[in-house]
Amino acid sequence: MSDQLKSITFALALCLVCSVLLTAASTIFKPAQEQNIKTDRRKNILKAVGLIDPESAYSSERVDQLYSKHIMQLAVDQTGTILESLQGAQPSQEAALPIYLALDTQKEIDAYILPIETRGLWGKIYGYLALQKDGATIKGFTVYKHSETPGLGGEIENRWFQKNFAGKKIVNQSNQFVSVSVSKGKASDTVTEQNLSNYVDGISGATLTGQYLTKGLQTILTEYEPLSIRFRQNILQCRMQSDAPSKVQGCENEKK
Amino acid sequence: MKKNNPILQIFLRPIWGDNPINIQMLGICSALAVTVQLKTALVMALAMTFVVSCSSFIISLMRRQIPNNIRIIVELSVISTFVIITDEFLRAYFYDTSKQLSVFVGLIITNCIVMGRAESFALSNPPHLSFIDGMGNGAGYGLVLVSVAFIRELLGSGKLFGVQVVPESLYAIGYEDAGFMLLAPAAFIIIGLMVWLQKTLTKGRGVNK
(Lines give C-alpha, C1' and ligand atoms only; values in the text may rest on other atoms or scores of the structure.)
Protein backbone atom coordinates (compact mmCIF):
# COMPACT_ATOMS: atom_id res chain seq x y z
CA MET A 1 0.00 0.00 0.00
CA SER A 2 1.39 3.36 -0.96
CA ASP A 3 1.99 5.96 1.73
CA GLN A 4 -0.69 8.28 0.41
CA LEU A 5 -3.34 5.59 0.36
CA LYS A 6 -2.38 4.60 3.88
CA SER A 7 -2.75 8.17 5.09
CA ILE A 8 -6.16 8.57 3.48
CA THR A 9 -7.41 5.25 4.86
CA PHE A 10 -6.15 6.13 8.32
CA ALA A 11 -7.80 9.56 8.22
CA LEU A 12 -11.12 8.09 7.06
CA ALA A 13 -11.12 5.43 9.74
CA LEU A 14 -10.29 7.99 12.43
CA CYS A 15 -13.07 10.32 11.24
CA LEU A 16 -15.53 7.46 11.36
CA VAL A 17 -14.58 6.49 14.92
CA CYS A 18 -14.66 10.11 16.10
CA SER A 19 -18.05 10.82 14.57
CA VAL A 20 -19.55 7.70 16.12
CA LEU A 21 -18.24 8.82 19.51
CA LEU A 22 -19.55 12.36 19.08
CA THR A 23 -22.96 11.20 17.91
CA ALA A 24 -23.21 8.89 20.91
CA ALA A 25 -22.21 11.66 23.33
CA SER A 26 -24.66 14.09 21.80
CA THR A 27 -27.54 11.59 21.93
CA ILE A 28 -26.84 10.50 25.50
CA PHE A 29 -26.55 14.01 26.93
CA LYS A 30 -29.37 15.62 24.95
CA PRO A 31 -32.31 15.04 27.35
CA ALA A 32 -30.40 16.43 30.33
CA GLN A 33 -29.21 19.42 28.30
CA GLU A 34 -32.69 20.26 27.07
CA GLN A 35 -34.00 20.07 30.62
CA ASN A 36 -31.25 22.48 31.71
CA ILE A 37 -32.07 24.91 28.92
CA LYS A 38 -35.77 24.87 29.83
CA THR A 39 -35.03 25.50 33.51
CA ASP A 40 -32.57 28.24 32.59
CA ARG A 41 -35.19 30.08 30.52
CA ARG A 42 -37.75 29.83 33.27
CA LYS A 43 -35.15 31.07 35.71
CA ASN A 44 -34.47 34.08 33.48
CA ILE A 45 -38.16 34.92 33.23
CA LEU A 46 -38.40 34.82 37.02
CA LYS A 47 -35.21 36.85 37.31
CA ALA A 48 -36.60 39.52 34.99
CA VAL A 49 -39.57 40.13 37.30
CA GLY A 50 -37.43 39.87 40.43
CA LEU A 51 -38.96 36.65 41.77
CA ILE A 52 -35.51 35.08 41.88
CA ASP A 53 -32.48 36.60 43.55
CA PRO A 54 -29.74 36.51 40.91
CA GLU A 55 -27.06 36.03 43.56
CA SER A 56 -28.35 32.75 44.99
CA ALA A 57 -28.68 29.25 43.59
CA TYR A 58 -32.04 27.62 42.97
CA SER A 59 -32.77 23.95 42.34
CA SER A 60 -34.68 23.13 39.17
CA GLU A 61 -37.65 21.94 41.27
CA ARG A 62 -37.78 25.30 43.06
CA VAL A 63 -37.65 27.12 39.73
CA ASP A 64 -40.47 25.02 38.30
CA GLN A 65 -42.53 25.56 41.42
CA LEU A 66 -42.12 29.35 41.35
CA TYR A 67 -42.75 29.41 37.63
CA SER A 68 -46.00 27.49 37.72
CA LYS A 69 -47.20 29.59 40.64
CA HIS A 70 -46.45 33.02 39.21
CA ILE A 71 -45.99 32.89 35.45
CA MET A 72 -48.60 32.42 32.73
CA GLN A 73 -47.60 31.93 29.14
CA LEU A 74 -50.09 33.61 26.81
CA ALA A 75 -50.13 35.48 23.53
CA VAL A 76 -51.12 38.92 22.36
CA ASP A 77 -52.50 39.99 18.99
CA GLN A 78 -51.99 43.20 17.00
CA THR A 79 -54.68 45.09 18.86
CA GLY A 80 -53.16 44.30 22.24
CA THR A 81 -55.84 41.75 23.11
CA ILE A 82 -54.51 38.97 25.31
CA LEU A 83 -55.08 35.51 23.85
CA GLU A 84 -54.78 32.08 25.30
CA SER A 85 -52.29 30.82 22.76
CA LEU A 86 -50.40 31.84 19.64
CA GLN A 87 -53.09 30.20 17.48
CA GLY A 88 -55.81 32.48 18.84
CA ALA A 89 -55.30 35.42 16.46
CA GLN A 90 -58.13 36.24 14.09
CA PRO A 91 -57.41 35.26 10.47
CA SER A 92 -57.55 38.86 9.27
CA GLN A 93 -54.66 39.79 11.54
CA GLU A 94 -50.98 39.09 11.56
CA ALA A 95 -49.65 36.34 13.79
CA ALA A 96 -49.88 36.78 17.53
CA LEU A 97 -46.82 37.40 19.70
CA PRO A 98 -45.86 35.39 22.76
CA ILE A 99 -46.19 37.10 26.13
CA TYR A 100 -45.69 36.05 29.74
CA LEU A 101 -47.70 37.46 32.62
CA ALA A 102 -46.35 37.55 36.15
CA LEU A 103 -49.11 37.14 38.73
CA ASP A 104 -48.92 37.96 42.40
CA THR A 105 -50.33 35.71 45.12
CA GLN A 106 -53.85 37.15 44.56
CA LYS A 107 -53.55 36.07 40.88
CA GLU A 108 -53.51 39.70 39.78
CA ILE A 109 -51.20 40.88 37.06
CA ASP A 110 -48.01 42.31 38.48
CA ALA A 111 -45.91 42.60 35.34
CA TYR A 112 -45.71 41.41 31.75
CA ILE A 113 -42.65 39.93 30.14
CA LEU A 114 -41.59 40.19 26.51
CA PRO A 115 -39.23 37.62 25.03
CA ILE A 116 -36.27 39.39 23.44
CA GLU A 117 -34.67 37.97 20.32
CA THR A 118 -32.51 40.40 18.44
CA ARG A 119 -29.38 40.70 16.40
CA GLY A 120 -26.13 41.29 18.27
CA LEU A 121 -22.68 41.93 16.89
CA TRP A 122 -21.72 38.27 16.36
CA GLY A 123 -25.00 36.44 16.67
CA LYS A 124 -28.44 36.64 18.14
CA ILE A 125 -29.11 37.90 21.65
CA TYR A 126 -31.89 36.14 23.56
CA GLY A 127 -33.42 37.41 26.78
CA TYR A 128 -36.47 38.76 28.55
CA LEU A 129 -37.68 42.28 29.30
CA ALA A 130 -40.22 42.67 32.10
CA LEU A 131 -42.48 45.73 32.26
CA GLN A 132 -44.57 46.81 35.23
CA LYS A 133 -48.34 46.89 34.96
CA ASP A 134 -48.25 50.68 34.43
CA GLY A 135 -47.08 49.82 30.89
CA ALA A 136 -44.21 52.28 31.07
CA THR A 137 -41.65 51.24 33.68
CA ILE A 138 -39.12 48.48 33.16
CA LYS A 139 -39.02 45.92 35.92
CA GLY A 140 -36.04 43.93 34.79
CA PHE A 141 -33.98 42.68 31.89
CA THR A 142 -32.09 39.42 31.47
CA VAL A 143 -30.05 37.74 28.76
CA TYR A 144 -29.79 33.96 28.63
CA LYS A 145 -28.02 33.35 25.34
CA HIS A 146 -25.69 35.41 23.19
CA SER A 147 -22.44 35.16 21.26
CA GLU A 148 -20.91 38.55 22.05
CA THR A 149 -17.20 38.87 22.87
CA PRO A 150 -16.51 37.68 26.44
CA GLY A 151 -15.43 40.63 28.57
CA LEU A 152 -16.78 43.26 26.14
CA GLY A 153 -20.23 42.77 24.60
CA GLY A 154 -20.51 39.62 26.69
CA GLU A 155 -21.01 41.88 29.71
CA ILE A 156 -24.69 42.12 28.70
CA GLU A 157 -25.21 38.86 30.57
CA ASN A 158 -23.81 40.35 33.78
CA ARG A 159 -25.77 41.74 36.65
CA TRP A 160 -24.23 45.23 36.66
CA PHE A 161 -25.44 45.86 33.12
CA GLN A 162 -28.87 44.28 33.52
CA LYS A 163 -29.76 45.99 36.77
CA ASN A 164 -29.45 49.40 35.08
CA PHE A 165 -32.69 48.64 33.26
CA ALA A 166 -34.84 48.40 36.39
CA GLY A 167 -36.87 51.57 36.86
CA LYS A 168 -36.16 52.99 33.39
CA LYS A 169 -39.13 54.14 31.29
CA ILE A 170 -40.14 53.27 27.75
CA VAL A 171 -42.06 56.56 27.49
CA ASN A 172 -40.76 60.14 27.69
CA GLN A 173 -41.92 62.80 30.12
CA SER A 174 -44.98 63.66 28.04
CA ASN A 175 -45.96 59.96 28.03
CA GLN A 176 -45.00 59.32 24.38
CA PHE A 177 -43.44 55.95 23.49
CA VAL A 178 -39.70 56.29 22.90
CA SER A 179 -38.33 52.82 23.85
CA VAL A 180 -35.21 52.41 25.99
CA SER A 181 -31.67 52.85 24.66
CA VAL A 182 -28.18 51.79 25.59
CA SER A 183 -26.03 54.91 25.68
CA LYS A 184 -22.42 55.11 24.61
CA GLY A 185 -20.59 55.08 27.93
CA LYS A 186 -22.20 56.25 31.13
CA ALA A 187 -25.74 57.52 30.55
CA SER A 188 -25.29 60.48 32.91
CA ASP A 189 -22.37 61.76 30.79
CA THR A 190 -23.98 61.46 27.39
CA VAL A 191 -27.68 62.33 27.59
CA THR A 192 -29.60 65.27 29.02
CA GLU A 193 -31.20 64.95 32.40
CA GLN A 194 -34.77 64.79 31.11
CA ASN A 195 -33.88 61.85 28.85
CA LEU A 196 -31.97 59.99 31.54
CA SER A 197 -34.91 57.75 32.35
CA ASN A 198 -34.87 56.37 28.78
CA TYR A 199 -31.16 55.47 28.73
CA VAL A 200 -29.06 52.80 30.46
CA ASP A 201 -25.28 52.84 30.92
CA GLY A 202 -23.41 51.35 27.98
CA ILE A 203 -20.43 49.00 28.02
CA SER A 204 -17.12 50.56 27.06
CA GLY A 205 -15.53 48.62 24.23
CA ALA A 206 -18.89 47.26 23.13
CA THR A 207 -20.54 50.20 21.37
CA LEU A 208 -21.87 48.04 18.53
CA THR A 209 -23.45 45.47 20.85
CA GLY A 210 -25.20 48.38 22.57
CA GLN A 211 -26.41 49.81 19.27
CA TYR A 212 -27.83 46.50 18.10
CA LEU A 213 -29.52 45.95 21.44
CA THR A 214 -31.03 49.46 21.31
CA LYS A 215 -32.37 48.84 17.82
CA GLY A 216 -33.71 45.40 18.76
CA LEU A 217 -35.44 46.63 21.90
CA GLN A 218 -37.03 49.45 19.95
CA THR A 219 -38.40 47.06 17.31
CA ILE A 220 -39.72 44.61 19.88
CA LEU A 221 -41.25 47.26 22.13
CA THR A 222 -42.96 48.81 19.09
CA GLU A 223 -44.49 45.43 18.25
CA TYR A 224 -45.85 45.12 21.76
CA GLU A 225 -46.88 48.79 22.00
CA PRO A 226 -50.64 48.06 21.54
CA LEU A 227 -50.51 45.93 24.69
CA SER A 228 -48.42 48.51 26.56
CA ILE A 229 -50.98 51.21 25.67
CA ARG A 230 -53.72 49.04 27.12
CA PHE A 231 -51.69 48.61 30.29
CA ARG A 232 -51.06 52.37 30.47
CA GLN A 233 -54.76 53.17 30.06
CA ASN A 234 -55.75 50.22 32.22
CA ILE A 235 -58.20 48.78 29.65
CA LEU A 236 -56.96 45.23 29.27
CA GLN A 237 -58.89 43.01 26.94
CA CYS A 238 -58.79 39.23 26.66
CA ARG A 239 -60.16 36.62 24.35
CA MET A 240 -60.21 33.31 26.22
CA GLN A 241 -62.19 30.14 26.14
CA SER A 242 -64.90 30.41 28.77
CA ASP A 243 -63.71 27.19 30.40
CA ALA A 244 -60.12 28.40 30.63
CA PRO A 245 -58.77 26.96 33.87
CA SER A 246 -57.13 30.14 35.13
CA LYS A 247 -58.45 33.45 33.88
CA VAL A 248 -56.45 36.59 34.22
CA GLN A 249 -57.95 38.97 36.75
CA GLY A 250 -58.47 42.60 35.81
CA CYS A 251 -58.89 41.64 32.19
CA GLU A 252 -62.29 42.19 30.59
CA ASN A 253 -63.31 39.38 28.25
CA GLU A 254 -63.94 40.71 24.77
CA LYS A 255 -67.59 40.90 23.77
CA LYS A 256 -68.35 38.48 21.03
CA MET B 1 7.70 4.94 47.40
CA LYS B 2 11.19 5.09 45.97
CA LYS B 3 12.46 8.52 45.09
CA ASN B 4 13.54 7.44 41.62
CA ASN B 5 10.37 5.60 40.68
CA PRO B 6 10.06 6.57 36.99
CA ILE B 7 6.25 6.64 36.91
CA LEU B 8 6.14 8.92 39.94
CA GLN B 9 8.81 11.07 38.33
CA ILE B 10 6.72 11.44 35.17
CA PHE B 11 3.72 12.44 37.24
CA LEU B 12 5.53 14.88 39.53
CA ARG B 13 7.79 16.62 37.03
CA PRO B 14 5.03 18.68 35.35
CA ILE B 15 3.58 19.62 38.73
CA TRP B 16 6.65 21.47 39.94
CA GLY B 17 9.92 21.38 37.97
CA ASP B 18 8.38 21.51 34.52
CA ASN B 19 5.03 23.14 35.30
CA PRO B 20 3.13 23.88 32.07
CA ILE B 21 2.08 27.39 33.16
CA ASN B 22 4.82 28.63 35.46
CA ILE B 23 7.81 27.17 33.65
CA GLN B 24 6.72 26.40 30.10
CA MET B 25 4.43 29.46 29.88
CA LEU B 26 1.66 27.54 28.11
CA GLY B 27 -2.08 27.86 28.60
CA ILE B 28 -1.84 31.37 30.08
CA CYS B 29 -4.91 32.60 28.21
CA SER B 30 -7.36 30.24 29.88
CA ALA B 31 -5.60 30.75 33.22
CA LEU B 32 -6.51 34.44 33.04
CA ALA B 33 -10.07 33.85 31.98
CA VAL B 34 -11.46 31.18 34.28
CA THR B 35 -9.83 32.00 37.62
CA VAL B 36 -12.28 34.59 38.98
CA GLN B 37 -13.95 31.86 41.03
CA LEU B 38 -12.60 28.64 42.51
CA LYS B 39 -15.50 26.60 41.13
CA THR B 40 -14.90 27.46 37.49
CA ALA B 41 -11.15 27.02 37.94
CA LEU B 42 -11.61 23.57 39.46
CA VAL B 43 -14.04 22.42 36.77
CA MET B 44 -11.72 23.74 34.07
CA ALA B 45 -8.75 21.95 35.69
CA LEU B 46 -10.66 18.65 35.79
CA ALA B 47 -11.84 19.04 32.19
CA MET B 48 -8.32 19.81 31.09
CA THR B 49 -6.85 16.84 33.00
CA PHE B 50 -9.41 14.52 31.44
CA VAL B 51 -8.71 15.78 27.93
CA VAL B 52 -4.93 15.81 28.13
CA SER B 53 -4.58 12.38 29.76
CA CYS B 54 -7.14 10.61 27.56
CA SER B 55 -5.91 12.14 24.33
CA SER B 56 -2.28 11.37 25.21
CA PHE B 57 -3.29 7.78 25.96
CA ILE B 58 -5.12 7.30 22.64
CA ILE B 59 -2.46 9.05 20.59
CA SER B 60 0.22 6.94 22.24
CA LEU B 61 -1.79 3.76 21.48
CA MET B 62 -1.80 4.68 17.79
CA ARG B 63 1.72 6.11 17.69
CA ARG B 64 3.14 3.35 15.47
CA GLN B 65 0.21 3.50 13.03
CA ILE B 66 -0.21 7.26 12.63
CA PRO B 67 1.16 8.27 9.21
CA ASN B 68 3.75 10.95 9.82
CA ASN B 69 2.45 13.35 7.16
CA ILE B 70 -1.00 13.73 8.77
CA ARG B 71 0.27 13.44 12.35
CA ILE B 72 -0.89 16.87 13.56
CA ILE B 73 -4.36 16.52 12.06
CA VAL B 74 -4.80 13.12 13.69
CA GLU B 75 -3.74 14.53 17.06
CA LEU B 76 -6.15 17.42 16.68
CA SER B 77 -9.07 15.14 15.78
CA VAL B 78 -8.49 13.01 18.86
CA ILE B 79 -8.13 16.06 21.10
CA SER B 80 -11.20 17.82 19.72
CA THR B 81 -13.31 14.69 20.10
CA PHE B 82 -12.49 14.57 23.80
CA VAL B 83 -13.04 18.30 24.19
CA ILE B 84 -16.50 18.14 22.60
CA ILE B 85 -17.48 15.15 24.74
CA THR B 86 -16.35 17.07 27.84
CA ASP B 87 -18.26 20.16 26.75
CA GLU B 88 -21.45 18.17 26.13
CA PHE B 89 -21.07 16.46 29.50
CA LEU B 90 -20.66 19.76 31.35
CA ARG B 91 -23.70 21.20 29.56
CA ALA B 92 -25.75 18.24 30.68
CA TYR B 93 -24.68 18.06 34.33
CA PHE B 94 -22.98 21.34 35.28
CA TYR B 95 -25.05 23.80 33.26
CA ASP B 96 -24.36 26.96 35.26
CA THR B 97 -20.62 26.38 35.47
CA SER B 98 -20.52 25.51 31.80
CA LYS B 99 -22.28 28.79 31.02
CA GLN B 100 -19.69 30.69 33.01
CA LEU B 101 -16.84 28.86 31.30
CA SER B 102 -18.50 29.71 27.95
CA VAL B 103 -16.01 29.32 25.12
CA PHE B 104 -13.08 28.29 27.27
CA VAL B 105 -13.93 24.59 27.44
CA GLY B 106 -14.07 24.51 23.65
CA LEU B 107 -10.79 26.39 23.53
CA ILE B 108 -9.01 23.50 25.31
CA ILE B 109 -8.55 22.26 21.73
CA THR B 110 -6.16 25.11 21.06
CA ASN B 111 -4.47 24.88 24.45
CA CYS B 112 -0.80 24.36 23.67
CA ILE B 113 -0.39 22.04 26.66
CA VAL B 114 -2.51 19.28 25.10
CA MET B 115 -0.88 19.49 21.68
CA GLY B 116 2.54 19.87 23.29
CA ARG B 117 2.20 16.70 25.37
CA ALA B 118 0.94 14.74 22.37
CA GLU B 119 3.86 15.86 20.22
CA SER B 120 6.65 15.71 22.75
CA PHE B 121 5.62 12.77 24.94
CA ALA B 122 2.79 10.58 23.66
CA LEU B 123 4.32 10.01 20.24
CA SER B 124 7.47 8.48 21.72
CA ASN B 125 6.28 6.78 24.92
CA PRO B 126 3.98 3.83 25.76
CA PRO B 127 0.28 4.50 26.56
CA HIS B 128 0.36 4.05 30.34
CA LEU B 129 3.25 6.48 30.73
CA SER B 130 1.56 8.96 28.38
CA PHE B 131 -1.59 8.76 30.47
CA ILE B 132 0.40 9.47 33.66
CA ASP B 133 2.19 12.31 31.92
CA GLY B 134 -1.18 13.78 30.90
CA MET B 135 -2.47 13.47 34.46
CA GLY B 136 0.65 15.21 35.75
CA ASN B 137 0.31 18.06 33.30
CA GLY B 138 -3.37 18.44 34.04
CA ALA B 139 -2.60 18.49 37.75
CA GLY B 140 0.21 21.00 37.28
CA TYR B 141 -2.08 23.24 35.24
CA GLY B 142 -4.93 22.77 37.69
CA LEU B 143 -2.75 23.54 40.70
CA VAL B 144 -1.78 26.92 39.27
CA LEU B 145 -5.39 27.65 38.25
CA VAL B 146 -6.78 26.79 41.66
CA SER B 147 -4.09 28.80 43.50
CA VAL B 148 -4.75 31.86 41.33
CA ALA B 149 -8.51 31.45 41.73
CA PHE B 150 -8.11 31.08 45.51
CA ILE B 151 -6.31 34.43 45.73
CA ARG B 152 -8.67 36.17 43.30
CA GLU B 153 -11.93 34.94 44.82
CA LEU B 154 -10.76 35.56 48.39
CA LEU B 155 -9.47 39.08 47.81
CA GLY B 156 -11.86 40.01 45.01
CA SER B 157 -15.19 38.97 46.48
CA GLY B 158 -14.37 37.72 49.98
CA LYS B 159 -15.65 34.25 49.15
CA LEU B 160 -14.33 30.74 48.61
CA PHE B 161 -16.36 28.37 46.40
CA GLY B 162 -19.12 31.00 46.56
CA VAL B 163 -19.29 30.91 50.39
CA GLN B 164 -18.65 34.15 52.24
CA VAL B 165 -15.46 33.74 54.32
CA VAL B 166 -14.50 37.33 55.04
CA PRO B 167 -16.64 38.12 58.13
CA GLU B 168 -19.16 40.98 58.10
CA SER B 169 -17.42 42.57 61.06
CA LEU B 170 -14.34 43.16 58.92
CA TYR B 171 -16.43 45.02 56.32
CA ALA B 172 -17.95 47.01 59.17
CA ILE B 173 -14.57 48.42 60.18
CA GLY B 174 -13.83 49.55 56.65
CA TYR B 175 -12.42 46.53 54.78
CA GLU B 176 -13.33 46.45 51.10
CA ASP B 177 -13.08 43.76 48.43
CA ALA B 178 -10.41 44.50 45.86
CA GLY B 179 -12.45 44.81 42.67
CA PHE B 180 -9.23 44.78 40.68
CA MET B 181 -8.80 41.09 41.53
CA LEU B 182 -11.85 40.28 39.42
CA LEU B 183 -10.26 41.71 36.28
CA ALA B 184 -7.98 39.71 33.99
CA PRO B 185 -4.85 41.84 34.64
CA ALA B 186 -4.93 40.70 38.28
CA ALA B 187 -4.47 37.08 37.17
CA PHE B 188 -1.60 38.19 34.99
CA ILE B 189 0.13 39.82 37.93
CA ILE B 190 -0.52 36.86 40.26
CA ILE B 191 0.86 34.39 37.73
CA GLY B 192 3.85 36.67 37.22
CA LEU B 193 4.54 36.68 40.94
CA MET B 194 4.15 32.89 41.09
CA VAL B 195 6.64 32.46 38.25
CA TRP B 196 9.07 34.75 40.03
CA LEU B 197 8.63 32.85 43.29
CA GLN B 198 9.13 29.47 41.67
CA LYS B 199 12.15 30.58 39.64
CA THR B 200 13.72 32.00 42.81
CA LEU B 201 13.09 28.81 44.76
CA THR B 202 14.51 26.52 42.08
CA LYS B 203 17.51 28.74 41.29
CA GLY B 204 20.81 26.90 41.35
CA ARG B 205 19.19 23.49 41.11
CA GLY B 206 18.23 24.05 37.51
CA VAL B 207 15.00 23.18 35.81
CA ASN B 208 14.63 19.53 34.97
CA LYS B 209 14.22 19.69 31.21
Side-chain angles (χ1 to χ4, degrees), chain A residues 1-41 43-44 54-60 63 122-123 143-155 157-160, chain B residues 29-30 32-34 36 39-40 54-55 58-59 61-104 106-107 157 159 161-164 179 182-185 187:
Chain A
M1 203 158 47
S2 78
D3 273 0
Q4 277 178 346
L5 196 64
K6 195 191 159 208
S7 299
I8 293 171
T9 322
F10 191 90
L12 279 177
L14 185 78
C15 288
L16 199 68
V17 174
C18 288
S19 24
V20 169
L21 280 174
L22 290 181
T23 315
S26 157
T27 319
I28 293 167
F29 295 133
K30 196 150 207 176
Q33 288 173 355
E34 279 171 355
Q35 182 60 42
N36 285 333
I37 289 170
K38 196 173 128 206
T39 309
D40 189 55
R41 290 199 187 162
K43 209 193 245 171
N44 271 284
E55 304 289 327
S56 0
Y58 288 80
S59 70
S60 60
V63 171
W122 301 119
V143 170
Y144 62 88
K145 198 173 152 197
H146 68 86
S147 6
E148 303 307 291
T149 320
L152 297 173
E155 293 291 304
E157 69 178 0
N158 282 345
R159 176 114 184 85
W160 73 261
Chain B
C29 176
S30 55
L32 302 184
V34 301
V36 175
K39 197 176 162 200
T40 49
C54 291
S55 57
I58 301 288
I59 290 165
L61 265 185
M62 304 191 298
R63 70 188 188 282
R64 292 190 218 287
Q65 280 78 44
I66 298 177
N68 201 41
N69 51 352
I70 56 165
R71 187 179 84 238
I72 303 277
I73 301 175
V74 169
E75 286 163 14
L76 266 181
S77 320
V78 174
I79 293 166
S80 31
T81 306
F82 279 110
V83 168
I84 295 170
I85 291 175
T86 313
D87 198 20
E88 296 270 330
F89 174 80
L90 289 178
R91 260 181 232 187
Y93 299 105
F94 298 91
Y95 189 75
D96 290 336
T97 315
S98 120
K99 251 188 135 176
Q100 281 174 313
L101 288 171
S102 68
V103 293
F104 293 102
L107 285 179
S157 41
K159 295 174 182 171
F161 284 107
V163 179
Q164 191 73 36
L182 301 177
L183 307 175

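Every heavy atom of this structure was used, including side-chain atoms; hydrogens, water molecules and symmetry mates were not. Numbered from 1 within each chain, the chains take letters A, B, ... in sequence-line order.
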Original post:
So what's closer than 4.5 Å to chain A heavy atoms on B/Phe82: side chain, backbone, both or neither?
Top reply: neither
Original post:
Mind checking whether A/Phe29 and B/Arg91 have side chains closer than 4.5 Å, heavy atoms only?
Top reply: no
Subject >> chain A contact via B/Asp96 - which portion, at a heavy-atom distance below 4.5 Å >> reply: side chain
Subject >> Flag if over 12 foreign heavy atoms under 6.0 Å of CZ, A/Phe10 >> reply: yes
Original post:
Which atom pair, heavy atoms only, marks the closest approach of B/Lys99 to A/Tyr144?
Top reply: NZ-O, 3.1 Å
Original post:
For the residue pair B/Ser77 and A/Cys18, what are the closest heavy atoms and their distance?
Top reply: O-SG, 4.1 Å
Subject >> Residue pair A/Lys6 / B/Pro67: nearest heavy atoms and the distance that separates them >> reply: O-CG, 4.4 Å
**OP:** Determine the sole option in B/Thr81, B/Val74, B/Ile66 for which the side chain to side chain contact (heavy atoms under 4.5 Å, CB included) test with A/Leu14 is passed.
**Re:** B/Val74
Subject >> Side-chain heavy-atom pair A/Ile37, B/Tyr95 within 4.5 angstrom cut-off >> reply: yes
**OP:** State, with a plain yes or no, whether a side-chain heavy atom of A/Ile8 is found less than 4.5 Å away from one of B/Ile70.
**Re:** no
Original post:
For the atom pair CD (A/Gln33) and OH (B/Tyr93), what is the distance rounded to the nearest 0.5 Å?
Top reply: 9.0 Å
